[in-house]
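Here is the structure we will look at, set down as structure tokens.
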Amino acid sequence: MDNEVKLNFFKEEIQCINDDKLKEFLTNLIINTGDWFFIDPASTSGKYHPAFSLGEGGLARHTKAVFYFLNELFRTEMFKISKREEDLLKVASIAHDIRKHTDTGGYVKDHARQGALYIMSMYKNTPDLLSEDEARFIAKAIDSHMGIWGDPAPSTDSEKILHLADYIASRKAIMMDFNVPITKDVVVETNTNKESCEPKDYVITFGKYRGKTILEIASVDREYLEWVANAKDFGQKEAQEYVVKYLAQ
């Protein structure tokens with residue numbers, strides 16, 4: 001994926017950061033992120049996120065939502081956070097799920113910790129863009145962003161506000177519009193002739209078998225297909241319908 005396409009999707013968020021060196025640090029993070037970050041859904045099952053963060057590009061849209069709610073929480077002035085810390089948390093909000101999946105679409109259970117480690121590794125490559133303490137500030141916020149469902153849980157105001165922004169953005173009742181769509185330059189189009197697509201030839205575009213046809217998955221993991229077929233409130237409705245059709249044959 002072209003770096004310009006990646007950066008354009010988060011253009012407004014980058015511009016909201018006041019410090020030019022932090023903008024450069026965030027730019028490096030985005031450029032070095034795999035294409036999956038702009039393609040994968042925020043939730044492969046659809047259970048834990050609203051409609052706008054499901055389907056292709058869902059994780060990137062969820063990230064924009066977290067950034068939005070973070071800034072709305074800043075406005076309440078209920079948290080003891082300096083303007084510099086606000087900038088650092090803006091970076092953390094864009095990077096909080098930056099290690100959530102693998103390149104093949106698999107979910108990374110300790111992605112919060114992996115994201116924190118990624119921040120520190122990027123800092124070591126560009127130590128002139130922020131201090132080590134600031135890098136650790138971002139890393140700690142990411143490491144604890146899952147709240148009571150992660151380890152460690154957030155303890156400072158800065159850690160709590162990022163968790164709250166992520167929590168609000170993941171509520172199923174939330175609805176949001178985005179003026180920067182995931183374009184055809186970003187989305188991997190795998191099912192271009194869906195009307196004539198046989199169930200066995202339908203390509204899964206999410207999860208650990210992303211890019212595989214239903215037939216290919218069935219040959220190695222039929223239980224996964226049965227889970228998809230029977231999952232309630234599954235976010236990928238079209239894929240679920242094709243799986244059901246295949247299993248009924």
Side-chain angles (χ1 to χ4, degrees), residues 13 29 33-34 36-55 57-74 76 78-81 85-86 88-121 135-176 206-210 224 227-228 230-236:
E13 288 78 10
L29 291 176
T33 301
W36 62 266
F37 186 77
F38 296 84
I39 298 171
D40 287 0
S43 170
T44 57
S45 69
K47 292 181 179 179
Y48 307 111
H49 287 78
F52 70 80
S53 59
L54 304 179
L59 181 58
R61 292 190 293 271
H62 163 73
T63 300
K64 288 178 75 74
V66 173
F67 185 94
Y68 171 81
F69 286 115
L70 179 75
N71 282 274
E72 288 298 306
L73 289 169
F74 287 155
T76 68
M78 293 179 63
F79 302 88
K80 295 179 180 179
I81 298 171
E85 289 172 337
E86 286 186 6
L88 296 170
L89 285 169
K90 290 174 185 178
V91 174
S93 71
I94 300 299
H96 78 284
D97 278 342
I98 208 162
R99 283 294 179 266
K100 188 171 187 177
H101 296 163
T102 65
D103 289 339
T104 57
Y107 175 71
V108 179
K109 187 175 182 180
D110 65 338
H111 69 275
R113 176 60 48 83
Q114 294 304 315
L117 293 174
Y118 176 60
I119 292 296
M120 296 311 299
S121 68
R136 292 190 182 282
F137 178 93
I138 295 171
K140 287 181 66 179
I142 292 173
D143 196 16
S144 61
H145 82 266
M146 294 182 69
I148 62 173
W149 297 279
D151 183 20
S155 58
T156 65
D157 275 4
S158 59
E159 293 167 6
K160 291 175 182 178
I161 198 171
L162 178 62
H163 164 62
L164 287 174
D166 182 45
Y167 180 78
I168 295 169
S170 65
R171 298 306 87 199
K172 290 184 72 67
I174 295 293
M175 294 183 290
M176 296 189 72
F206 57 87
K208 62 181 179 180
Y209 293 116
R210 190 182 70 208
Y224 176 79
W227 170 77
V228 170
N230 295 302
K232 295 181 178 180
D233 298 323
F234 196 73
Q236 303 287 337

If you take all heavy atoms of [X] and [Y], which pair is closest and at what distance?
{"X": "Ala153", "Y": "Ser144", "answer": "C-CB, 3.9 Å"}
{"X": "Trp36", "Y": "Ile98", "answer": "CZ2-O, 3.3 Å"}
{"X": "His62", "Y": "Ala42", "answer": "CB-CB, 3.9 Å"}
{"X": "Met146", "Y": "Ala112", "answer": "SD-CB, 4.4 Å"}
{"X": "Ala139", "Y": "Met120", "answer": "CB-SD, 4.0 Å"}
{"X": "Ala165", "Y": "Leu73", "answer": "N-CD1, 3.8 Å"}

Rounded distance (nearest 0.5 Å) linking atom [atom1] of [X] with atom [atom2] of [Y]:
{"X": "Ile94", "Y": "Leu89", "atom1": "CD1", "atom2": "CG", "answer": "12.0 Å"}
{"X": "Arg136", "Y": "Asp143", "atom1": "CZ", "atom2": "CG", "answer": "11.5 Å"}
{"X": "His111", "Y": "His96", "atom1": "NE2", "atom2": "NE2", "answer": "7.0 Å"}
{"X": "Ser93", "Y": "Glu86", "atom1": "OG", "atom2": "CD", "answer": "11.5 Å"}
{"X": "Tyr118", "Y": "Thr33", "atom1": "OH", "atom2": "OG1", "answer": "4.5 Å"}
{"X": "Thr156", "Y": "Leu162", "atom1": "OG1", "atom2": "CG", "answer": "10.0 Å"}

### Message
For a 4.5 angstrom cut-off between non-hydrogen side-chain atoms, does Ser158 reach Glu85?
### Response
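Heavy-atom side-chain distance check fails, nothing below 4.5 Å.
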
### Message
In the structure I gave you, are the side-chain heavy atoms of Pro152 and Arg113 within less than 4.5 Å of one another anywhere?
### Response
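Yes, their side chains come closer than 4.5 Å.
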
### Query
Distance-only, no hydrogens or angles: does the Glu159 side chain make a donor-acceptor pair with backbone N or O of Ser155 under 3.5 Å?
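Looks like yes, one N/O pair under 3.5 Å.
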
### Task
Say whether, by atom type as modelled, one donor and one acceptor occur between the side chain of His145 and the main chain of Ile142 under 3.5 angstrom.
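Yes; judged by distance alone, with no hydrogens or angles, the pair exists.
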
### Task
May I ask you to decide whether Lys64 forms a salt bridge with Glu13, counting only side-chain N to carboxylate O separations under 4.0 Å?
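Here Lys64 pairs with Glu13 in a salt bridge, since their nearest N and O are under 4.0 Å apart.
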
### Task
Might you work through the side-chain contact (heavy atoms from CB on, under 4.5 Å) test for Ile119 and Leu29, ending with a clear yes or no?
CA-CA 8 Å; Ile119 292 296; Leu29 291 176; 3.8 Å; yes

### Query
Where do Lys80 and Asp157 land on the side-chain contact (heavy atoms from CB on, under 4.5 Å) test, with the steps shown first?
CA-CA 6 Å; Lys80 295 179 180 179; Asp157 275 4; 3.7 Å; yes

Without placing hydrogens or testing angles, list every side-chain donor-acceptor pair under 3.5 Å for residues 65-72, not counting sequence neighbours.
| from | atom 1 | to | atom 2 | distance (Å) |
| --- | --- | --- | --- | --- |
| Asn71 | ND2 | Phe67 | O | 2.8 |
| Glu72 | OE1 | Arg75 | NH1 | 3.3 |
| Glu72 | OE2 | Arg75 | NH1 | 3.4 |

### Task
If the plane angle is over 60° it's perpendicular, under 30° parallel, otherwise tilted; pick one for Tyr167 and Trp149.
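The arrangement is parallel - the two ring planes meet at less than 30°.
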
### Message
Could you check whether atom NZ of Lys100 has more than 12 heavy atoms from other residues, nucleotides or ligands sitting under 6.0 Å from it?
### Response
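Enclosed: over 12 neighbouring heavy atoms sit under 6.0 Å from NZ of Lys100.
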
